[in-house]
Amino acid sequence: MPDAKGPGFDYHDTLIIAHAVFASMAALITAPAAILVARYFRSRPWWFKAHVILQIVTVAFTIIFFTMSTVAVASGGHGTQFVGPKKDPHHDLGLSIAILLWVEAIFGVAAHYTHTAHSITRGAFPTIKAKKSPLRHLHAWYGIFVAGLLYAGIKTGIDEWNMVADSGTLVPRGIEIAFWVIFALEIAAYVIGWFLEAFRGERNSRIISDHPTDEEKDGTPSI
């Protein structure tokens, strides 16, 4: 609740601001960047290393912002607010993100060590049609789901600050606008990536039909 002494950031609010900074970097920079690298640059030799580094940084940011939020809430003598009469949806969402992001990292490692023989995939959306380990498909779609939770965490965090900040302040309107602009641009970039894949997939399919490979001519699978 707002401090009766007037505006100013106390220990709780200072921790929450730091928490918000790290959460924003995870939700709006590193996690989306990891997804977009996998969407646009899989043909580049460096894509996997970049993807892994960005995911590791995202997990590190998650540990930091979750710890800060827990300490901030406990500093006011309010427990964890995960259970009981003071249960908080934003905190529940943060706990879910912390757990699910670790599970996503495990899926990523497991998917990396699965191997499927290369096969020629025709038509639009070769990412979906490609014959590969179910773990790889699971890792990709599960990652999108977790990214969505990260966005939701930022939105609910903004709402919570506006309601319960000790300083009695509100999140600046410019920050809220910046969040929605970045969110829209990242979603658009991801969707455009699918349209580009569909276009390139159809184009490559026509090229293969016009110029069949040796493997297709004699039935020998490619390696």
Side-chain angles (χ1 to χ4, degrees), residues 1-3 9-36 51-109 138-184 186-187 190:
M1 296 300 292
D3 191 337
F9 298 125
D10 59 10
Y11 179 71
H12 169 272
D13 283 3
T14 301
L15 279 177
I16 291 301
I17 291 171
H19 154 81
V21 170
F22 281 101
S24 296
M25 289 192 294
L28 301 177
I29 300 177
T30 58
I35 292 172
L36 292 175
H51 181 74
V52 170
I53 291 173
L54 288 166
Q55 289 290 53
I56 290 173
V57 174
T58 301
V59 171
F61 283 163
T62 302
I63 295 171
I64 294 170
F65 75 66
F66 182 78
T67 301
M68 285 182 167
S69 64
T70 303
V71 173
V73 172
S75 70
H78 303 301
T80 63
Q81 296 187 0
F82 294 132
V83 295
K86 294 183 178 180
K87 185 176 180 180
D88 188 309
H90 176 67
H91 299 167
D92 289 345
L93 183 58
L95 177 61
S96 299
I97 290 171
I99 295 172
L100 294 176
L101 195 59
W102 275 99
V103 175
E104 166 67 355
I106 293 172
F107 281 156
V109 173
L138 178 62
H139 171 63
W141 293 112
Y142 186 88
I144 299 301
F145 172 70
V146 175
L149 292 182
L150 282 167
Y151 286 129
I154 297 296
K155 178 60 174 68
T156 58
I158 291 173
D159 294 339
E160 176 159 312
W161 176 276
N162 290 340
M163 290 187 295
V164 302
D166 288 346
S167 62
T169 59
L170 300 176
V171 174
R173 185 63 176 166
I175 291 180
E176 292 193 56
I177 293 173
F179 163 70
W180 287 114
V181 169
I182 294 171
F183 170 78
E186 290 173 347
I187 296 299
Y190 185 74

Exercise: identify the closest heavy-atom pair between H90 and T156: ND1-OG1, 2.7 Å
Interatomic distance, L149 atom CG to L93 atom CG [nearest 0.5 angstrom]: 6.0 Å
Distance in Å, L15 CG paired with D10 CG, rounded so as to fall on 0.5 Å steps: 9.0 Å
Atom of A147, atom of I35 and distance for their closest heavy-atom approach: CB-CD1, 3.6 Å
Pairwise distance CD1(I182) to CD1(I187) - rounded to 0.5 angstrom: 12.5 Å
Closest approach of A98 to T62 (non-hydrogen atoms, all atoms of both residues): CA-CG2, 3.8 Å
Candidate pair I63 and F22, rule side-chain contact (heavy atoms from CB on, under 4.5 Å), full reasoning: CA-CA 9 Å; I63 295 171; F22 281 101; over 6 Å; no
Separation between CZ of F66 and OG1 of T70, rounded to the nearest 0.5 Å: 4.0 Å
Pairs touching residues 173-183 that satisfy side-chain hydrogen bond (donor to acceptor under 3.5 Å, both in side chains), sequence neighbours left out: none
Distance, nearest 0.5 Å, that separates CD1 of I154 from CZ of F183: 12.0 Å
Closest approach of H12 to A72 (non-hydrogen atoms, all atoms of both residues): CD2-O, 3.1 Å
Least distance between heavy atoms, A31 atom then L150 atom: CB-CD1, 3.8 Å
Results of side chain to side chain donor-acceptor pair (under 3.5 Å) for Y151 - residues two or more places apart only: E186
Contact summary for M68 and A18, nearest pair of heavy atoms: SD-CB, 3.6 Å
Partners passing ring pair (Phe, Tyr, Trp, His ring centres under 6.0 Å) against H19 (at least two apart in sequence or in another chain): F65
Residue list, side chain to side chain donor-acceptor pair (under 3.5 Å) with N162, at least two apart or on another chain: none
Any residue meeting side chain to side chain donor-acceptor pair (under 3.5 Å) with T58, in chain and number order, not counting sequence neighbours: T30
Interatomic spacing from CZ in F61 to CG in L101 - rounded to 0.5 Å: 12.0 Å
I17: side chain to side chain contact (heavy atoms under 4.5 Å, CB included) partners, not counting sequence neighbours: F9, W161
